[in-house]
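Comments concern the structure below.
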Protein chains: 2
Amino acid sequence: MDEPGHIRRYPRPAVAVDLTIFTLRDADLQLLLIKRKRPPFEGCWALPGGFVRVSDEQDQGEDLDQAAERELAEETGLPTGAVFLEQVRAFGQAGRDPRLRVISVAYMALVRPELAPVVCAGGDAADARWFSTAHLEQQPLAFDHHQIINAATEHLRRAIRTTDLAFELVPETFTVAELRAVYEVLEGARLDPGNFRRRFMRMVDDGVLQESPGKRATGSRKARLYRFKPRQT
Amino acid sequence: MDEPGHIRRYPRPAVAVDLTIFTLRDADLQLLLIKRKRPPFEGCWALPGGFVRVSDEQDQGEDLDQAAERELAEETGLPTGAVFLEQVRAFGQAGRDPRLRVISVAYMALVRPELAPVVCAGGDAADARWFSTAHLEQQPLAFDHHQIINAATEHLRRAIRTTDLAFELVPETFTVAELRAVYEVLEGARLDPGNFRRRFMRMVDDGVLQESPGKRATGSRKARLYRFKPRQT
DNA sequence: ATAATAGTGTCTATTAGACAATATCCT
DNA sequence: AGGATATTGTCTAATAGACACTATTAT
């Protein structure tokens, strides 16, 4: 954070944001990738993202979070605010982009399952597709995107264990089984329906969740619906 | 992550690393700050840090982690590897540096209490001092360093709760009370000595900790010493 | 001897998990 | 009716927390 006034002449890196956009479909954690239509890695699948627009003038350009929101809107076509978005961390390995020095700030986005089908290709992507994270190791990806995906997935798993984030991967109203499915996929283990129900009901008692009118059949029998209480602790 | 070959002409931000260097002294979580000797914020206390050295040439310069290690060595004089170092996240608010667009990657470092006294001022700091985090709100700081410190402190608290990181804030060998003090300071609450002891002993049973020869008096009575088992799960 | 901390034991409440049993709904 | 899931209930083990008690050591 210290430098003389002539720092402007020191070489600077390009800074990009890369998005790991997750959703839950078919009882599976899936990730949105786009096919690159320019070198390097032309034709290769990659995380959506782009460079942060900056300036040294009075208006210094967009914030990192704003850049991530912008890219998210461009790539998914979803309205801002419909999707949970949070920074994971920065990746700055030298040589991660062969052309020039790029430091990438990774973000994690969570798309509710109802919205996943409407996500479409943005302007600078030849194609966009949801990939199952389960078989992604075999898939060749551009840059160090495997590493970013691993870090983001780990970030997501940790967040699911320690915060309310599971709620971002479920529709507005949901059944006990639907929320259980989120935990089962993220924890990678089957959970006892009865035991999970008690955990769930404790959240209702604590006022985190509340019953919502109507019922829905996920399986063979209709189940009660719930929703989140207003917000914030 | 997409751009034409002429991206080199787009404006880029400067990228810095800022270090939140914590230690535990006098039953208190403390943070190392340096007094800036150049504008802006000349004479103001600030986080140690500096710009990342980059290039677009074949050798693209240092990694973010390397830059943080280098700054840490320069500012503390401690040998690399003696101190735990981990990235927190990137801060990229527009206008956070009044002169030019700077994106800062924050790192958290944990200095064992025996090493804290030997930490001395580095080359580009007029002065360096440990500050108690308890009263830091009143202290005016340069840039958005208050925000970075809050995020890093939160990061640390979370890590203490969910990982083995408390061990980085204690000497090589330590007593039950010394480890308890780490948790008491970080959790901001007194812990029952008897109950904490059982938690501790479970770690011994699990092979995380092992007894070490000798005893040490933290208070009025000598206590057994422990150390960490080799490493890794 | 006394104060202060180390170390042990006991009891209760909460929670996770295994697992059985009943209720409801779709086909 | 039959199969699948929802929902409820029971039991056990692990853990956290409150709290009382004994042991050891510096002063």
Side-chain angles (χ1 to χ4, degrees), chain A residues 24 26-28 113 157-158 160-164 166 170-171 173-227, chain B residues 24 26-28 113 157-158 160-164 166 170-171 173-227:
Chain A
L24 213 63
D26 314 323
D28 191 26
R157 276 190 224 285
R158 181 189 315 273
I160 289 287
R161 269 201 315 276
T162 59
T163 75
D164 279 357
V170 111
T173 67
F174 50 90
T175 65
V176 179
E178 283 168 345
L179 189 66
R180 175 161 50 88
V182 176
Y183 285 89
E184 286 182 340
V185 169
L186 270 299
E187 294 180 9
R190 294 211 79 65
L191 298 176
D192 180 274
N195 293 337
F196 185 84
R197 183 177 196 73
R198 260 182 314 158
R199 236 168 106 182
F200 189 99
M201 285 310 166
R202 243 194 310 277
M203 290 193 273
V204 176
D205 292 342
D206 294 349
V208 180
L209 304 179
Q210 64 185 174
E211 217 177 318
S212 180
K215 290 197 167 198
R216 178 164 54 226
T218 330
S220 57
R221 176 181 163 184
K222 283 184 192 162
R224 276 183 232 146
L225 292 176
Y226 295 84
R227 62 166 58 250
Chain B
L24 213 64
D26 315 322
D28 191 26
R157 276 190 224 286
R158 181 189 315 272
I160 290 287
R161 269 200 315 276
T162 58
T163 74
D164 278 358
V170 111
T173 67
F174 50 89
T175 66
V176 178
E178 283 168 345
L179 190 65
R180 175 160 49 88
V182 176
Y183 284 89
E184 285 182 340
V185 169
L186 271 299
E187 292 179 12
R190 294 212 79 67
L191 299 176
D192 180 275
N195 292 337
F196 184 84
R197 183 178 196 72
R198 258 183 314 161
R199 238 168 103 183
F200 189 100
M201 286 309 165
R202 242 194 310 275
M203 289 193 273
V204 176
D205 292 343
D206 294 349
V208 180
L209 304 179
Q210 65 184 175
E211 218 176 319
S212 178
K215 290 195 166 200
R216 177 162 56 225
T218 331
S220 59
R221 175 180 164 184
K222 284 183 192 161
R224 276 182 231 146
L225 292 176
Y226 296 84
R227 63 166 60 250

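Within every chain, numbering begins at 1; the chains are lettered A, B, ... in the order of the sequence lines, protein sequences first and strands thereafter. No experiment lies behind these values; they were computed from the predicted model shown.
If you check every strand for non-hydrogen atoms under 4.0 Å, A177(B) touches sugar and phosphate atoms only. Residue contacts for R216(B): at a heavy-atom cut-off of 4.0 Å it reaches no nucleic acid atom on any strand shown. Counting any heavy atom pair closer than 4.0 Å across all strands shown, R180(A) reaches sugar-phosphate atoms only and no base atom.
A close approach under 4.0 Å does occur between a side-chain nitrogen or oxygen of R224(A) and OP1 or OP2 of dT8(D).
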Show me the donor-acceptor pairs, under 3.5 Å and distance only, between side chains in residues 185-194 of chain B and residues at least two apart or in other chains.
{"from": "D192(B)", "atom 1": "OD1", "to": "G194(B)", "atom 2": "N", "distance (Å)": "2.9"}
{"from": "D192(B)", "atom 1": "OD1", "to": "N195(B)", "atom 2": "N", "distance (Å)": "2.8"}

What pairs of donor and acceptor atoms, side-chain ones from residues 199-210 of chain B against any protein atom, are under 3.5 angstrom apart with sequence neighbours left out?
none

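Not counting sequence neighbours, the partners of R180(A) by the side chain to side chain donor-acceptor pair (under 3.5 Å) test are E184(A).
The distance from atom CZ of F174(A) to atom C1' of dA6(D) is 16 Å, rounded to the nearest whole Å.
Running 5' to 3' along DNA chain C, contacts with non-hydrogen atoms of chain A at under 4.0 Å begin and end at dT15(C) to dC26(C).
Note: T173(B) OG1 to Y226(B) OH = 12.0 Å, rounded to the nearest 0.5 Å.
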Using a 4.0 Å heavy-atom cut-off, write out nucleotides 15-24 of chain D from 5' to 3' as B (base contacted by protein), S (sugar-phosphate only) or - (no contact).
SSBBB---BB
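The two residues R227(A) and F174(A) have their closest heavy-atom pair at CA-CE2, 4.0 Å. Across all their heavy atoms, L179(A) and A166(A) have their closest contact at CD1-CB, 4.1 Å. Contact between P213(A) and L225(A) at its shortest, heavy atoms only, is O-CD1, 3.9 Å.
For residues 207-221 of chain A, the set of pairs meeting the salt bridge (charged side-chain N to carboxylate O under 4.0 Å, His left out) definition, not counting sequence neighbours, comprises E178(A)-R216(A).
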